[in-house]
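Encoded as structure tokens, the structure appears first; notes follow it.
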Amino acid sequence: MHLDDILLEWKTDSKINRVKLEEESINVPMLHGKYLAMWVEAKARLKMAEQAMAVLGKDKWRYYEGKMTKEELEEKSLDPDPFKGLHILKGDKKHWYESDAELQAADAKIDYCKLKIDTLSSIIDMIKWRSNTIKNIIDIRRFESGS
């Protein structure tokens, strides 16, 4: 599920029907379960993305260090000369890693997973407080009615 979809669902789910507070109170565990399932899925996807990044990072290191065999280069459709004839100093190789499109895409995927997890964590925290919010609404109504 994309972050936009999660935010759209939360926009609907976050509303409290002030007329049906009992129903809203009963729905708290259901909402918690719904967003907790999304959170767990996002955590699993983050773990998979981090593992994929580790494998990709190792492959890219081997590529830029010239440690891949000719067969591996052909299998991955990589240019045997990543620096196009330039002589690169060891300290300058980090710039090649930072500008590598595959590494950037894998890093962006990890960042997106982390953003989803942070968003879902915030939503789950709001759901935890939902019962208190409902209680506060009831208390305010009691006070306003003179009870």
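Values below: all heavy atoms of this structure, side chains included; hydrogens, waters and symmetry mates excluded.
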- Item | Residues Leu103, Met53; criterion side-chain contact (heavy atoms from CB on, under 4.5 Å); working and verdict | CA-CA 7 Å; Leu103 289 171; Met53 177 64 146; 4.1 Å; yes

- Given the rule in the side-chain contact (heavy atoms from CB on, under 4.5 Å) test, do Leu7 and Trp10 qualify, once you have shown the distances and angles that lead to the verdict? CA-CA 5 Å; Leu7 292 172; Trp10 178 241; 5.5 Å; no

- How far apart are the C-alpha atoms of Asp107 and Tyr112, what are their side-chain angles, what is the distance that settles it, and do they pass the side-chain contact (heavy atoms from CB on, under 4.5 Å) test? CA-CA 9 Å; Asp107 194 42; Tyr112 185 76; over 6 Å; no

- Let me see the working for Glu9 and Tyr35 under side-chain contact (heavy atoms from CB on, under 4.5 Å), right down to the final yes or no. CA-CA 10 Å; Glu9 276 197 48; Tyr35 287 95; 3.6 Å; yes

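Side chain of Ser99 to main chain of His95: a donor-acceptor pair is present (N/O by atom type, distance under 3.5 Å, no hydrogens or angles). The backbone N or O of Lys94 sits nowhere less than 3.5 Å from a side-chain atom of Tyr64 that would complete a donor-acceptor pair.
Residues meeting the salt bridge (charged side-chain N to carboxylate O under 4.0 Å, His left out) test with Lys76, sequence neighbours left out: Asp59.
Hydrophobic clustering, with ILVMFWY side chains joined whenever heavy atoms are under 4.5 angstrom apart, keeps Ile123 apart from Trp129. No chain of hydrophobic side-chain contacts below 4.5 Å, direct or via other Ile, Leu, Val, Met, Phe, Trp or Tyr residues, connects Leu3 to Leu8. Met48 and Val40 are members of different hydrophobic clusters when ILVMFWY side chains are connected at heavy-atom separations under 4.5 Å.
Here the closest non-hydrogen pair linking Leu73 and Pro80 is CD1-CA, 3.8 Å. Minimum interatomic distance between Lys60 and Asp100 (heavy atoms only, all atoms of both residues): NZ-OD2, 3.2 Å.
Taking CD of Glu75 as the reference point, atom CD of Glu72 lies at 7.0 Å (rounded to 0.5 Å). Interatomic distance, CD1 of Ile26 versus CD1 of Ile134, reported as 10.0 Å (0.5 Å rounding). To the nearest 0.5 angstrom, Asn27 atom CG is 10.5 Å from Ser131 atom OG. Atom CE of Met1 sits about 8.5 Å away from atom CD of Glu41, to the nearest 0.5 Å. A distance of 13.5 Å separates CG of Leu56 from CD of Gln51, quoted to the nearest 0.5 Å. Annotation: the span from Ile110 atom CD1 to Lys47 atom NZ amounts to 10.5 Å, rounded to 0.5 Å.
Checked against a 6.0 Å centroid threshold, the rings of Trp61 and Tyr97 do not count as neighbours.
Listed by first and then second residue, the salt bridge (Lys or Arg N to Asp or Glu O under 4.0 Å) pairs involving residues 110-131 are Glu24-Arg130, Asp125-Lys128 (not counting sequence neighbours).
Counting non-hydrogen atoms of other residues, nucleotides and ligands closer than 6.0 Å to NE2 of His2 gives a total of 12 or fewer. Annotation for Lys109: atom NZ does not count as buried by contact number, only 12 or fewer foreign heavy atoms lying within 6.0 Å.
Counting heavy atoms from C-beta outward, Ser121 and Trp39 have side chains that approach closer than 4.5 Å.
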